[in-house]
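Report on one structure; see the data block that follows.
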Amino acid sequence: MSDSKDSCVDMKELNVSIIFEILVESLFGLRLDDDLDGFDCEAFLIAQNSTLREAMRRSNIPFRQFMFWNKDKQFAAENEVVLKNLGANVLKKYREKKANGTTKEVGSSIIGHLIANDYPSEEHRISDLIVFLIAGHETTAHSLSFFIYCMAKNKEARAKLQCELDQRLPLLSTHPTPAELESISPSAIAQLEYFSWCLKESQRLYPVAPVVGRQLQRDLPHNGFVLPKNSVVAVHLYGAGRQRWIEDADQFRPERWSKSHPQYEELKQIPSLFSM
């Protein structure tokens, strides 16, 4: 990817592009190049970021919905149309492939469930589709980027992982064919113990969502005082993974996730994005 040993590759940008393409195919059964001709991934990402930022501002400033003169609000409104058009196009292409018998049966994929389910309107269905797309690709891409960063910075762990991959997975050619890639089954990947440790350790150090919030559904007594119902509680996941009791908390140590590690039982109790 790089032009020379001194040049750089933006792994985050590369991963976002790759994961986005993978999700479109796995969730919706569509290929960007073949089925969504003319799709502009960069324009989609700009539209997504603009819309999400505006949603955050609106939640903090309720009056903002009336600020029609604001340039950022106007830009976000334009980008909402971009996202809706993409969702409508995905549904259209999927239905065309379904009618031609060139895709999976309705109900066997995420988009199949979206189409089979009853919605108040097509706009509601499109909104759900966009949520799946936005929520899935960026978090996965950023987690992968942090994982690659950790492996690049830790030579010993990288060598151990390479050894496990060489022993457990079939050797692929420089440009693997679809048949070669299919030979690597999900069950085989699930058996990669050290790989699992490395993933957990990278997410402990660099959680993709450093803070998550929850609104209390009831009064919650805690340490002698009461958190009232409807309060918003923020959980600092970045801090949770770097608590003082964790041995070498700032260091990348995949072996700490071994069941034989003395701190394993405590470590697995740390709140994570996937357990909230």
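As a basis for the values below, the full set of heavy atoms in this structure was taken, side chains included, without hydrogen atoms, waters or symmetry mates.
With contacts defined as side-chain heavy-atom distances shorter than 4.5 Å, the pair C198/Y194 qualifies. Between L169 and L192, some side-chain heavy-atom pair lies under the 4.5 Å cut-off. Taking the side chain as every heavy atom from C-beta outward, R256 and W197 never approach each other to under 4.5 Å. Between P170 and I184 the shortest side-chain heavy-atom distance falls below 4.5 Å. Contact annotation: the side chain of D72 approaches that of R57 to within less than 4.5 Å [non-hydrogen atoms, C-beta and beyond]. Counting heavy atoms from C-beta on, the side chains of L205 and F252 come closer than 4.5 Å. Within the 4.5 Å cutoff, the side chain of N15 has heavy atoms near those of the I148 side chain. When side chains are defined from C-beta on, V212 counts as touching L237, because their heavy atoms get closer than 4.5 Å.
Interatomic distance, F146 CZ to L199 CG, rounded to the nearest 0.5 Å: 14.0 Å. Between E164 atom CD and Q191 atom CD the span is 10.0 Å, to the nearest 0.5 Å. Note that CD of Q203 is 9.5 Å distant from CH2 of W257, once rounded to the nearest 0.5 Å. If you take CZ on R204 and CD on Q243, they are separated by 10.0 Å, rounding to the nearest 0.5 Å. If you take CG on L161 and SG on C150, they are separated by 12.0 Å, rounding to the nearest 0.5 Å. Taking CD1 of I270 as the start and CZ of R242 as the end, the distance is 11.5 Å to the nearest 0.5 Å.
I22 is not connected to V131 by any chain of hydrophobic side-chain contacts under 4.5 Å among Ile, Leu, Val, Met, Phe, Trp and Tyr, and they are in different clusters. Residues L52 and L129 share a hydrophobic cluster, clusters being chains of Ile/Leu/Val/Met/Phe/Trp/Tyr side chains in contact below 4.5 Å. Cluster annotation: V235 is not connected to L220 through the hydrophobic network of ILVMFWY side chains, with a link wherever side-chain heavy atoms come within less than 4.5 Å. No continuous path of ILVMFWY side-chain contacts below 4.5 Å connects V82 to V90, so the two sit in separate hydrophobic clusters. Both F225 and V233 belong to a single network of hydrophobic side chains, linked directly or stepwise wherever heavy atoms of I, L, V, M, F, W or Y lie under 4.5 Å apart.
A cation-pi arrangement is absent between R158 and Y149, since the terminal nitrogen or guanidinium carbon is not both under 6.0 Å from the aromatic centre and inside a 45° cone about the axis.
For the pair S231 (side chain) and P228 (backbone), a donor-acceptor distance under 3.5 Å is present. E54 places no side-chain N or O within donor-acceptor distance of the main-chain N or O of A77, the cut-off being under 3.5 Å. When atom types are taken as modelled, the side chain of Q217 and the backbone of Q215 share a donor-acceptor pair closer than 3.5 angstrom. Q263 places a side-chain N or O within donor-acceptor distance of the main-chain N or O of W245, the cut-off being under 3.5 Å.
Considering every non-hydrogen atom in both V211 and A234, the closest pair reads CG1-CB, 3.9 Å. Taking all atoms of both residues into account, the shortest heavy-atom contact from R125 to N117 is NH2-O, 2.8 Å. The heavy-atom pair separating V208 from S143 by the smallest distance is CB-OG, 3.6 Å. Taking all atoms of both residues into account, the shortest heavy-atom contact from G87 to I126 is CA-CG2, 3.9 Å.
The pair K84-E123 meets the salt-bridge criterion, since a charged nitrogen lies less than 4.0 angstrom from a carboxylate oxygen. A salt bridge links E122 with R95: at least one charged nitrogen is closer than 4.0 Å to a carboxylate oxygen. Classification of K160 and E156 as a salt-bridged pair holds, one side-chain N sitting under 4.0 Å from a carboxylate O.
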Given F195 and F147, is the ring-ring contact (aromatic ring centres under 6.0 Å, His included) satisfied, shown in steps? CA-CA 10 Å; F195 176 56; F147 168 75; 5.7 Å; yes
Side chain to side chain contact (heavy atoms under 4.5 Å, CB included) evaluation trace for I18 with F20: CA-CA 5 Å; I18 292 173; F20 185 83; over 6 Å; no
Trace of the salt bridge (charged side-chain N to carboxylate O under 4.0 Å, His left out) decision for E201 with R253: CA-CA 7 Å; E201 184 69 347; R253 302 278 189 268; over 6 Å; no
Derivation of the side chain to side chain contact (heavy atoms under 4.5 Å, CB included) call for L216 and N230: CA-CA 5 Å; L216 298 180; N230 295 326; over 6 Å; no
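In the model, D166 has a side-chain atom that pairs as donor or acceptor with a side-chain atom of Q162 under 3.5 Å. No side-chain N or O of N79 forms a donor-acceptor pair with one of T51 less than 3.5 Å apart. In this model, a donor atom of one side chain and an acceptor atom of the other lie less than 3.5 Å apart for S121 and H124.
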